[in-house]
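For reference, positions follow the sequence shown, starting with 1.
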Amino acid sequence: MEVRAELKYTKSHEWVKEEGGVWTIGLTDYAQSALGDLVFVNLPEAGDSVEAGEVFGDVESVKAVSDVYSPVTGEVEEINEELLDAPETINGAPYDAWFIKVKDVSGTEELLSAEEYEAFVASEE
């Protein structure tokens, strides 16, 4: 399981990276591995609001459909259109295959450091 030190994480297995006030969100390596081969992604539209801890989309694998939760509250600035046509890129490179970019962000209190996330995952197994 790869965990990158420069990212923040959630207990629902999303990662977050903040750059210049824009927060990029994706699924962790642990999550994509647990889900298996992803075949479909459902994302919000640019301009939609997302709320920390609330569902903003879902992913479908050969096993099941799983919700994806927003780690932060804010407005969707951009979605990764490439995932709509090639959801399998999440399995191949989960930290490059981002889902959405969010601006005007608040609600970051629950984010975990890489060390905290690794400890959380270890406690779940």
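Scanning both residues, Val72 and Val50, for their nearest heavy atoms gives O-CG2, 3.8 Å. Closest heavy-atom contact between Gln32 and Asn91: OE1-ND2, 2.9 Å. The two residues Ala114 and Ala5 come nearest to each other via the heavy atoms CB-CA, 3.8 Å. For the residue pair Leu112 and Thr10, the shortest heavy atom distance occurs at CD1-C, 4.2 Å. Closest heavy-atom contact between Met1 and Val121: SD-CG1, 3.8 Å.
Between the side chain of Glu115 and the backbone N or O of Glu118, no donor-acceptor pair lies under 3.5 Å. Looking only at distances, no side-chain donor or acceptor of Lys8 sits under 3.5 Å from a matching main-chain atom of Pro71. A donor-acceptor contact shorter than 3.5 Å links the side chain of Glu116 to the backbone of Ser113. In this structure a side-chain-to-backbone donor-acceptor pair under 3.5 Å is present from Trp15 to Pro94. Of the possible donor and acceptor atoms, one in the side chain of Asp29 sits under 3.5 Å from a partner among the backbone N and O of Glu2. For Ser33 (side chain) and Tyr30 (main-chain N/O), no donor-acceptor pair under 3.5 Å exists by modelled atom type. For the pair Asn80 (side chain) and Trp98 (backbone), a donor-acceptor distance under 3.5 Å is present. Of the possible polar contacts, none joining the Ser61 side chain to the Gly36 backbone as a donor-acceptor pair under 3.5 Å is found.
Shown here is Glu45, whose CD atom has no more than 12 heavy atoms of other residues, nucleotides or ligands within 6.0 Å.
Here the straight-line distance linking atom CG of Leu84 with atom CG of Leu43 works out to 5.0 Å at 0.5 Å rounding. The structure places CG of Asp48 at 13.5 Å from CD of Glu77, a figure rounded to the nearest 0.5 Å. Between the CD1 atom of Ile90 and the CD atom of Glu82 there is a distance of 11.5 Å, given to the nearest 0.5 Å. For the atom pair NZ (Lys101) and CD1 (Ile79), the distance works out to 12.5 Å, reported to the nearest 0.5 Å. Tyr69 OH to Ile25 CD1: the interatomic distance, rounded to the nearest 0.5 Å, is 14.5 Å.
In this model, no donor atom of one side chain and acceptor atom of the other lie less than 3.5 Å apart for Thr28 and Tyr95.
For an aromatic pair to be called close, the ring centres must be under 6.0 Å apart, and Tyr117 with His13 satisfies this.
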Between Tyr9 and Leu111, does a side-chain contact (heavy atoms from CB on, under 4.5 Å) hold up when you go through it step by step? CA-CA 6 Å; Tyr9 299 88; Leu111 297 177; over 6 Å; no

